[in-house]
Amino acid sequence: MNLQAKKLLLRAMSISTKYQPKQAEDKWYSYWMEHGFFRSVPDEREPYTIVIPPPNVTGVLHMGHMLNNTIQDVLIRRARMKGKNACWVPGTDHASIATEAKVVAMLKERGINKLDIGREKFMEYAWEWRNKYGGIILEQLKKLGASCDWDRTRFTMDEDLSEAVIDTFIHLYKKGWIYRGVRMVNWDPQGKTAVSDEEVIRKEVNQKLYYIRYSVGAGRGADGEFLTIATTRPETIMADTAICINPNDERYKHLHGKKAFIPLIEKEIPIILDEYVDMEFGTGCLKVTPAHDLNDYELGLRHHLPVVDILNDDGTLNEKAQILVGEDRFAARKKIAPLLESAGALEKIEDYKSQIGFSERTDAVIEPKLSMQWFCKMPELAKPALDYVIKGDIKLIPDKFINTYRYWMENVKDWCISRQLWWGQRIPAWYNEKGQWVVAKTEAEAEEQFRVSGLEFSSLTQEEDVVDTWFSSWLWPISVFDGFKDPNNADINYYYPTNDLVTAPEILFFWVARMIMAGHEFRGEIPFRNVYLTGIVRDKIGRKMSKSLGNSPDPLDLIEKYGADGVRVGMLFSSPAGNDLMFDEKHCEQGRNFANKVWNAFRLVKGWKVDEKLENTNQVAIAWFESRFNQALTEIESYFAQYRLSDALISTYKLVWDDFCAWYLEMIKPAYEHPIDRETYDKTVVFFENVLKLLHPFMPFITEELWHDEEVFGKRSGADCCIVAKMPEIGQIDTQLLSETELVKEIVTKIRDIRQSKQISPKETLNLSVKANSGIDYIGYKNIITRLANIGDFTAVKEKIADAAAFMVSKDEFYVPLQLDIDPEAEKEKLLKEKEYLGGFLKSVEAKLNNERFMQNAKPEIIENEHKKKADAEAKLKIINERLRGLAG
RNA sequence: GGGAGUUUAGCUCAGCUGGUUCAGAGCAUCUGCCUUACAAGCAGAGGGUCACUGGUUCGAACCCAGUAACUCCCA
């Protein structure tokens, strides 16, 4: 049997050489749940609170959620282990448009039309849908290990939360900050609702620019006088109510005061003058369509033009268009071109690129449309919300977003809060038969108001519209703690303001800014202290990961493949705050490999047998790792304080893989089938426990799994879990020991290098001598060096040794006597190369020291350092010269 | 059109107040290894005009100005 086969057999018999995440994940997640470790109730400890950005109830977990929730879970687990009362509140958002669209689609499949069944029946179906599918995403979060307090799960349409929406609506209305009016809004013809400016996504699109002739003057047709306009929307010419030219445009001076005729329908419209018209664009003549363009609408207001709206709510042409009635706007656009052509009114068609608005939720092309909507005044809400961020009461991480935030808050427009949908909180306004209205919480209160103001009514009807989804989610940090219904309850007083909010920069204005406004308006304080803005998860070639592109891996598949811990580590490896993350599955693989490394390190320690009689020969290694651990811990704490999670993870990774596994465990590892002494073993077990704690926020499952190994850690009580273990605190750091050990590592590496280059097997024992010019006591590290480099004798000498491979570490000389011939020429070449380099270095240092201006301007410690560099280099040069002389002789 | 950001090794990114031999890490690559925890591993190695051009400075990846490319936000 060869070695490979033997090894495979051995593996099959003992515990697996590979970490198997699956069972551990299910087991420990249930265990944590059963023991209520995620549960938080107010107590005497300091609270640490995060409210989840509620994912859409229609949503399924995507990579953005993975990143976002991994970060939140790392923060919450860390806080928990630092002795805070950690509370992470989960929940979902009802997402008006998206959900209503799904339900409408579902009904359509069953042959049911929303309008036929009416509002109440529709809401029944919608609730049925959400009860069936609404929780999926939260279940998926559990697979990731999210340690949310599930008992606190909220939904933005829960009764209490909806009531808060209605109450705040009434509150703002009474303050005069909510009003109703006809305005140009962004109309989504597919969702058949208004959407806010923020929900419109502008994209550049290839279009056609149509040049259309309008005949001019009384004798139209006869003398053939016409003017030409350029438009991308020929199907709206029937809604034109004027032609506009720039009064300064010499080409059209003769048209002042004349009339033009819309082709096809031959409707007479005035030619008006306004400097708004860009003489350079198109022909310099602009068709004015107040009903279907925001700028035209404003132009129309200035010139008192009538408004002719030729579009239905679904984007088809209505009878006011006179022609193409019933056609969809895009179909009409295609069909009108030949009509114009045959009427001799189409001059030419050009290709043209321009920005068009699309609905964020339905991706339909947005139609500017005049309609009666509800608005919320923003300036007074925005002012304090801006101040909190400017003054630093709320920190944005990274702070580069402050500028963007400020710009938006200083240029904020009134918020269109009504939506022509059913799924959501219905606006509490009540109308009589004449269309007069009041705002009231209930019909009875509304009736009372009508009576008080002496208005007649026989029956009242409630406003059909619901409020914008964000009008409920802006209350989230308050409403999840019942802060509206019961403003002084124990929860809100304890948990609010929350600590950290982790979200995507895309919704900084949509959501974050408005939560700050709501926090100030309804509680007089900030809703959270820090906003951690994650990047967008992109694929390898920089495209945003999306379902429609099909470039996003299914997160659950990733978890299946690499384990939840592996995926969490993979997500965090390259995700500094605010920077987009170029996702590569390779990172998850690296995360999985890391878990496996920890697993195997544990197998090693677990396999050791203690011999109580043995003496501890590992004091130096133990002292070193202790210092190294504390040094790394200092670094990691500092990264966390700066929200540099990626750096914190990388530091942890290196501490565990390089320092603990590659160096420390190798330093103390007993020879095969040899026992270990009690003291070293016990210390190592403590180190391992500390390592597990440090790793836990990043890799909760494997750490919990190992934590409970009875053989190594003994039997633990049911509540003694890694998830609630106390995070290690920074202890003593022996800097001299640390720096000397770095030299020791260098010695070991150099010896390994000699073996590699001279083809000496690692199994062959070599001897080593040191001529320590620096005065460092290398013999004190004898145990470490002999074990790691397989050295037999290690002695200190006063003179150099002949017939030995030589190398230098710092300014100390090391000799490995070898039977082999040493090639003096190669040796000489190496030394000369080093000498040349050192010479150059020394020259540059001396140049600095001889530079008067450097000596005048540089800080004293810098100068001192240059002196030291000089002395070191000179010492080293001296040794090299001696050795060169030795070789020559 | 306005604003912000990015540009450092093949890839993803660090590099803080300008000052160590400062040009770094991980991944990938190459070489050698089944060495009794781990081949999902170990040992070693190579790899960069710090986008470009100027300036400030005793000294610049870092500060300033300009240029280019890319990204995002707003109109």
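Here is how names work: the chains are called A, B, and so on, in the same order as the sequence lines, proteins then strands, and each is numbered from 1. Predicted, not measured: the structure shown is a model, and the values here were computed from it.
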J.: Using a cut-off of under 3.5 Å, enumerate the N/O to N/O pairs linking the protein to nucleotides 57-65 of chain B.
T.:
from	atom 1	to	atom 2	distance (Å)
C58(B)	OP1	Arg853(A)	NE	3.0
C58(B)	OP1	Arg853(A)	NH2	2.4
C58(B)	OP2	Arg853(A)	NH2	3.0
C58(B)	O2'	Asn851(A)	ND2	3.0

J.: So which nucleotide from A4(B), A25(B), U20(B) ends up closest to the side chain of Lys654(A)?
T.: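 For Lys654(A), the side-chain atoms sit closest to A25(B).
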J.: Does Arg628(A) make a cation-pi contact with Trp663(A) (under 6.0 Å, within 45 degrees of the axis)?
T.: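 Geometry flag: not set, cation outside 6.0 Å or 45°.
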J.: Any side-chain N or O of Lys669(A) less than 4.0 Å from the OP1 or OP2 oxygen of A37(B)?
T.: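 Yes.
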J.: What's the gap between C13(B) and G59(B) when it is taken at their P atoms, as a whole Å value?
T.: 34 Å
J.: Using a 3.5 Å limit on both distances, find every run of at least three consecutive Watson-Crick or G-U pairs that involves RNA chain B.
T.: B:1-7 with B:68-74, B:10-13 with B:24-27, B:29-33 with B:41-45, B:51-55 with B:63-67
J.: For a quick test of reading the model: is some side-chain N or O of Thr749(A) closer than 4.0 Å to OP1 or OP2 of G44(B)?
T.: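 For G44(B), OP1/OP2 do have a side-chain N/O of Thr749(A) under 4.0 Å.
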J.: Applying the side-chain contact (heavy atoms from CB on, under 4.5 Å) test to Leu788(A), which of Met667(A), Lys745(A), Lys669(A) qualifies?
T.: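 Exactly one candidate clears the test, Met667(A).
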J.: Is the closest basic N to carboxylate O distance between Lys878(A) and Glu874(A) below 4.0 Å?
T.: no
J.: Which listed nucleotide (C27(B), C38(B), G5(B)) is nearest to the side chain of Lys400(A)?
T.: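 Nearest to the side-chain atoms of Lys400(A), counting from C-beta on, is G5(B).
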J.: Measure from the side-chain heavy atoms of Tyr407(A) and tell me the nearest of C74(B), A37(B), A75(B).
T.: C74(B)
J.: Which whole-number value in Å describes the distance from Leu533(A) CG to C73(B) P?
T.: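 For the pair Leu533(A) CG and C73(B) P, the rounded distance is 14 Å.
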J.: Expressed in angstrom and rounded to an integer, what is the separation of Glu746(A) atom CD from G44(B) atom C1'?
T.: 15 Å
J.: Parallel, tilted or perpendicular: which one describes the rings of Phe660(A) and Phe625(A), with boundaries at 30° and 60°?
T.: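 Ring orientation, 0 to 90° scale: tilted.
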J.: Just to verify, which of Asp611(A), Val712(A), Asn618(A), Ile668(A) counts as forming a side-chain contact (heavy atoms from CB on, under 4.5 Å) with Tyr681(A)?
T.: Val712(A)
J.: Just checking Gln590(A): base, sugar-phosphate only, or nothing, at a heavy-atom cut-off of under 4.0 Å?
T.: sugar-phosphate
J.: Between G18(B) atom P and Asn865(A) atom CG, what is the distance in whole Å?
T.: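 Going from CG in Asn865(A) over to P in G18(B) covers 17 Å.
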J.: Name the closest nucleotide to the Leu604(A) side chain, picking from A37(B), U20(B), G26(B).
T.: A37(B)
J.: Would you mind telling me which of C38(B), G41(B), U21(B) lies closest to the side-chain atoms of Val845(A)?
T.: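 Closest of the options to the side chain of Val845(A): U21(B).
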J.: Distance between the P atoms of U31(B) and C38(B), in whole angstroms?
T.: 25 Å
J.: Can you tell me how far C1' in A28(B) sits from the matching atom in G47(B), rounded to whole Å?
T.: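 Approximately 11 Å lies between the C1' atom of A28(B) and that of G47(B).
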J.: Can you check the distance between C30(B) and G66(B), where both ends of the measurement are the P atom (answer in whole Å)?
T.: 46 Å
J.: Between Lys876(A) and Asp872(A), does the salt bridge (charged side-chain N to carboxylate O under 4.0 Å, His left out) criterion hold? Intermediate values first, please.
T.: CA-CA 6 Å; Lys876(A) 251 180 136 168; Asp872(A) 282 354; over 6 Å; no
J.: Using a heavy-atom cut-off of under 4.0 Å over every strand shown, decide if Trp608(A) touches base, sugar-phosphate, or nothing.
T.: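 Touches nothing.
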J.: When the C1' atoms of U8(B) and A25(B) are compared, how many Å lie between them, rounded to an integer?
T.: 13 Å
J.: Specify the separation, in whole Å, of atom CD of Gln756(A) and atom C1' of C33(B).
T.: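 Nearest whole value for this atom pair: 9 Å.
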J.: If we take the P atom in both A23(B) and C16(B), what is their distance in whole Å?
T.: 16 Å
J.: Rounded to whole angstroms, how far apart are NE2 on His587(A) and P on A14(B)?
T.: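 Atom-to-atom, His587(A) to A14(B), this comes out as 12 Å.
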J.: Parallel, tilted or perpendicular: which fits the ring planes of Phe594(A) and Tyr653(A), with parallel below 30° and perpendicular above 60°?
T.: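 Plane angle between 30° and 60°, so tilted.
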J.: Please determine if a side-chain N or O atom of Asn593(A) lies less than 4.0 Å away from the OP1 or OP2 oxygen of G41(B).
T.: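 True: Asn593(A) side-chain N/O within range (under 4.0 Å) of G41(B) OP1/OP2.
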J.: Is a donor-acceptor pair below 3.5 Å formed from side chain Glu666(A) to base A37(B), judging by atom type as modelled?
T.: yes
J.: Do Asn68(A) and Thr534(A) pair up side chain to side chain, a donor and an acceptor below 3.5 Å, judged on atom types alone?
T.: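 Short answer, no.
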J.: Could you work out the separation of C62(B) and G19(B) based on their P atoms and round it to a whole Å?
T.: 11 Å
J.: Using the P atom in both, what is the distance from A61(B) to A9(B), to the nearest Å?
T.: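 After rounding to an integer number of Å, I get 15 Å for this pair.
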J.: Where the side chain of Ser646(A) meets the backbone of Leu572(A), is there a donor-acceptor pair that is under 3.5 Å apart?
T.: yes
J.: Which part of the nucleic acid does Lys597(A) contact within heavy-atom distance under 4.0 Å: base, sugar-phosphate only, or nothing?
T.: base
J.: Figure out the CD/C1' separation between Glu864(A) and G19(B), and round it to whole Å.
T.: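 Roughly 14 Å, once rounded to whole Å.
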J.: Any chance you could lay out the side-chain hydrogen bond (donor to acceptor under 3.5 Å, both in side chains) test for Glu705(A) and Tyr19(A), step after step, and finish with the verdict?
T.: CA-CA 10 Å; Glu705(A) 170 79 13; Tyr19(A) 168 56; over 6 Å; no
J.: Rounding to an integer number of Å, can you tell me how far Lys745(A) NZ sits from A43(B) P?
T.: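 In whole Å, A43(B) P lies 12 Å from Lys745(A) NZ.
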J.: May I ask you to decide if the ring planes of Trp408(A) and Phe509(A) are parallel, tilted or perpendicular, using 30° and 60° as cut-offs?
T.: parallel
J.: Using the side-chain heavy atoms of Lys18(A), tell me which of these nucleotides is nearest: A43(B), A39(B), G19(B).
T.: A39(B)
J.: When the nearest nucleotide of RNA chain B is assigned to Thr404(A) and to Arg752(A) on a heavy-atom basis, which residue is associated with the more 5' position?
T.: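 Taking each residue's closest nucleotide, the earlier one in sequence belongs to Arg752(A).
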J.: In this structure, how many angstroms lie between the P atom of U21(B) and the NZ atom of Lys868(A), rounded?
T.: 11 Å
J.: Is there a side-chain polar atom (N or O) of Trp657(A) under 4.0 Å from OP1 or OP2 of A25(B)?
T.: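 Answer no for this pair, as no side-chain N or O of Trp657(A) is under 4.0 Å from OP1 or OP2.
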J.: Would one find a side-chain N or O of Arg644(A) under 4.0 angstrom from OP1 or OP2 of G15(B)?
T.: yes
J.: Between A37(B), A40(B), U20(B), which nucleotide has the shortest distance from any of its atoms to the side chain of Arg603(A)?
T.: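 Between A37(B), A40(B), U20(B), the one nearest the side chain of Arg603(A) would be A37(B).
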J.: May I ask you to check whether Asn790(A) and Glu764(A) show a side-chain donor-acceptor distance below 3.5 Å?
T.: no
J.: Looking at G19(B), U20(B), A40(B), which one has an atom nearest to any side-chain atom of Arg592(A)?
T.: A40(B)
